[in-house]
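Below is one structure, written out as structure tokens; the observations come after it.
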Amino acid sequence: MSSSMSMWLEILNQLPHGKKKKRYFKIFIANLIAVSEGLRTGFLNDRDPILSLEDSKALITVLKNKNLIKHTVNILNIGNRETLFVNIDILKEFVTPVPPNFGLVGVSESIPRILPYSSDFVVKLVALMVDCFENFHQSPAELFVQPTDEISGSTLIGLCLGYPIIYLFQSDLSLEELIQFELKANFKIPEISSVNLFSFTVPRCLEFEIVTKIDLWHNSLKSKISTSSFILDISIDKKLDDTEQSLDYFQKALQACPSLLPASRAIQSIYNKHVERWHFRMLNDCCRNDAYYHAIVHRIQEGYSSVLDVGSGTGLLSMFAAREGAKKIWACESNKFIFKMAQSILAANNVSQQIHLINKHSNSISIPLDIPEKVSMIITEVFDAGLVGEGVLPMLLHAWEHLLLPPSESSSKSTGSSKIANSVVLPYSATVWVAAVQCIDIARRYRLLPNVCLCDKDECEPLRISFGGTKLCKYCEAPHNFDCPDILYHPDEVSVASELSEPYTTEELENVAFGYEFLSEPVKVFEINFNNVDEVKSFCKGMTKNIPILFNSHGSLDAIASWFHLNLDNNGTIISTAPFREVGAYHSVCWHQAIFPILVPKKVRPGTEINLQAQIIKDVLKISCNGLTGGDVSPDPFLLVSNHIISFLNNKTWMKALNAAALDLLEEFSLESNLNKKVLDLSPFPLLGLRILKDFKSWTMVAKYETEMDVKYIQAVARCNSIDERRIQLVNSEVLDEKIVDESFTVICIDILDPSGELSELVVDKLPFLMDRLAENGAMVPHSLSIECQLVESDKLVSLSQVVSDESMQNLNITEFMNKFAVDYHLHVSRHGLQYKPMSNCFEVFQLRVDSVCERNIKEVSVTATDSGTVIGVLYWVNLVFRPGMQPVSTACQDSHCNQAALLFSLDVVSGKDVALKCNLWYGLLEIKPSNEVLRHQLSKFQTNSVWRTMSSTTNIN
């Protein structure tokens with residue numbers, strides 16, 4: 001199509017145009033090509049002064065005659081105002097035989113909205129459209145529909161483009177009228193009076209936000225009217241239905257256009273949501289699976305033959321019990337997707353008649369409605385990194401009271417052997433351990449670290465830790481030499497740390513970037529006997545312990561790490577989730593460690609100690625540490641800001657680069673320093689904008705914030721740098737767009753990267769909007785970017801992304817079913833912590849200006865393998881050039897605030913041989929796959945390889 005571009009422009013230049021001709025025509029051409037090639041259904045042209053309806057008709061005719069677009073491209077004229085260019089063939093396929101979307105029902109201009117429901121008028125509307133499509137011929141045609149009270153022209157356009165329909169009520173409607181409308185909509189009750197409303201459409205990317213607002217509104221209704229309860233039930237059912245319908249829609253879209261990357265990514269996002277990735281880690285964990293198998297064998301041999309598997313997932317533990325002769329087995333799983341998969345797995349393993357699946361949470365199970373009688377054994381693995389975070393204690397208390405045979409007197413009062421008990425829980429008991437750790441990777445995510453070491457040189461000189469190629473002081477975790485940015489962002493006598501949204505985070509310490517070090521010996525905190533009913537009750541009510549921690553090393557206390565032991569059968573079968581191997585225990589890797597970050601700098605020396613307070617309250621483990629952890633930090637003199645600010649400012653590589661970019665901009669706009677100009681800085685922290693304001697006293701800045709504490713911190717930094725706070729407008733990120741819609745900025749700094757490692761989908765979507773806010777001759781920061789990759793071999797990445805083999809599960813047939821939900825990308829990868837083998841040198845796949853990210857970029861690259869073996873995919877990261885001529889900064893740098901990502905496929909390579917890769921960058925989404933020729937050549941050779949089977953299921957060979 002590039003060879004015809006001059007002809008396109010020549011044709012378009014003959015038409016009337018406005019000031020934005022060149023830019024508008026580029027966008028128009030790209031959209032028209034996409035519609036012609038079937039990459040999208042259609043697009044709206046609402047720029048009548050540039051391209052009128054008559055011009056559009058003439059243009060379509062000329063382009064068809066010159067064979068630049070397909071004859072299936074036509075024009076819809078809706079309501080005599082809006083023009084829609086569509087591909088008729090795709091649109092007909094899209095709307096028949098049933099409507100593509102159900103309407104989203106809205107209630108006011110701000111909040112409440114009700115979920116999808118089937119509407120008669122939508123069906124009639126689609127039928128009308130289909131009739132019109134059937135009459136379309138080779139020439140441009142028109143569809144005119146007069147907007148009514150029920151549907152507007154914009155709604156019709158949205159329907160054609162595949163958007164959900166939203167009905168917006170008048171904001172002054174009474175609660176009674178709203179309920180009447182819901183009854184009419186959901187139950188088709190004719191006597192309910194109609195309610196005036198109008199309609200519009202939104203892209204699907206806003207659907208989650210709408211659903212959230214629905215939930216808020218339903219919660220407010222619940223306390224006001226009795227009918228709200230069944231309305232809430234209706235909305236929940238509709239949500240589930242809509243998810244399945246969305247999945248079906250995206251799969252059909254991918255079948256129609258295999259290269260449609262947004263549809264492929266949408267499908268995989270649904271998989272990630274409903275089959276969370278920890279399922280793959282768990283099923284690949286041979287030690288965990290073997291331990292559970294041996295414990296189940298032991299208990300069934302003791303006579304516990306009626307089993308309830310709680311949180312059964314794929315049914316693995318239930319099948320262990322069935323294999324060993326358990327007489328009665330029930331398994332409950334509340335996740336609908338997992339439940340349906342488990343049904344197929346049980347059938348494939350010929351145990352459907354032995355294992356009775358229940359799609360409920362165990363607390364909702366009743367006797368005899370769901371199971372006919374109480375059972376003698378409960379098997380469960382509903383544990384998180386903090387042991388109790390999945391609600392195992394309330395679950396077990398309910399089970400002891402309602403589902404398990406009564407315990408014998410000895411088992412209810414003793415922690416000894418349970419062999420004489422009527423019933424038993426597997427695992428038998430658990431022990432929680434803690435230890436103090438130093439870990440620079442944890443510290444830099446939760447605490448603002450100093451830019452340079454100010455510790456006593458004689459004291460800290462011998463004590464260094466390695467941070468990539470840099471040596472840091474072991475006490476303050478700062479380098480001894482560093483060129484600090486011109487903006488001081490460490491307010492005097494104030495500690496800045498991350499506001500924690502959860503009691504703890506999780507970390508796989510064995511593979512954490514740059515390692516970790518224990519500063520104390522492990523200490524036992526809690527021991528819980530799940531077979532002692534009174535003990536389970538006590539922990540449900542709450543348990544607190546004060547525990548001293550004695551340090552045995554010099555360093556900085558960065559976190560308290562916690563892990564647990566599961567005593568499965570009280571017969572020596574123990575699972576340990578510690579970050580090290582222990583004699584006599586199965587070393588499980590599927591559970592990571594619970595991490596309680598220390599938010600205040602704390603130097604420690606051998607022989608000193610601190611006191612911990614450990615609490616378990618129902619389903620929460622809390623560790624507090626003398627005012628040093630999240631729940632104990634008082635607001636003064638601490639500033640607890642958003643997490644992304646801390647990791648961003650601790651990226652010293654980027655701070656230096658942003659400071660240099662600001663100096664470059666100061667030089668470029670020095671002649672305009674006295675003019676009233678504006679900066680828009682959308683970085684996690686507006687360092688670049690503040691640096692410009694420091695020199696240009698008449699300039700102002702708009703920056704975003706997440707919390708009120710973020711505002712206080714930005715203002716404190718401004719004061720430290722003698723910047724007048726009145727020149728800074730801080731806007732909540734949720735309302736930023738509407739606040740700047742009429743603004744023009746000389747400099748715009750964006751945060752185009754997501755911490756997960758890929759380009760930020762939200763920012764890429766907003767780029768056209770932001771470019772329209774950029775003044776003539778203004779500067780966008782960053783200026784350009786490149787994507788760099790490396791072919792890798794990594795068993796670790798494979799085990800995180802798919803089930804490797806049935807061998808890890810006692811050869812039960814599970815892999816083929818789970819791997820239907822495997823995805824071909826993996827986010828939050830740490831290149832510095834991942835176990836992998838490089839299979840090529842680093843290579844660049846794309847280099848482009850930031851304003852070109854919103855286009856589709858396709859290329860093929862050739863890469864030379866540096867070793868022989870099986871490549872499982874590519875690691876990739878992003879390099880940004882903030883200003884023309886500057887050196888790039890990379891998300892792969894050692895102190896990066898962003899992770900890296902991986903794209904997965906399986907390919908056999910030979911050292912010294914070239915590999916052809918097809919690369920696709922679609923509006924920020926990246927796809928890299930072996931070329932079709934390479935895949936065809938190796939397909940038969942790898943058919944029996946489990947890695948290949950999974951990856952090829954998401955690789956389309958056209």
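Just so it is clear, the structure is predicted and the values come from calculations on it, not from any experiment.
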Please test Glu477 against Lys603 for salt bridge (Lys or Arg N to Asp or Glu O under 4.0 Å), starting from the C-alpha separation and ending with a verdict.
CA-CA 10 Å; Glu477 298 172 313; Lys603 299 178 183 179; over 6 Å; no
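- Ring planes of Trp591 and Phe383: perpendicular class, angle over 60° (limits at 30 and 60°).
- Taking the centre of each ring, Trp400 and Phe530 stay at or above the 6.0 Å mark.
- Open room surrounds NZ on Lys622; 12 or fewer heavy atoms of other groups in view lie less than 6.0 Å from it.
- Between Phe467 and Phe514, the two ring planes are perpendicular [angle over 60°; tilted spans 30° to 60°].
- There is no side-chain donor-acceptor pair under 3.5 Å between Lys545 and Gln615.
- Residues Asn651 and Leu649 fail the side-chain proximity criterion, which asks for heavy atoms closer than 4.5 Å.
- Aromatic rings of Phe526 and Phe539 (six-membered ring for Trp) have centroids within the 6.0 Å cut-off, being under it.
- When side chains are defined from C-beta on, Tyr876 counts as touching Glu758, because their heavy atoms get closer than 4.5 Å.
- With a 6.0 Å radius and a threshold of 12 heavy atoms from other residues, nucleotides or ligands, Glu582 has its CD atom above the threshold.
- Residues His832 and Ala513 approach most closely at CB-CB, 3.8 Å, considering heavy atoms.
- Counting heavy atoms from C-beta outward, Pro597 and Arg447 have side chains that stay 4.5 Å or more apart.
- Using cut-offs of 30° and 60° for the angle between ring planes, the Phe685 and Tyr713 rings count as tilted.
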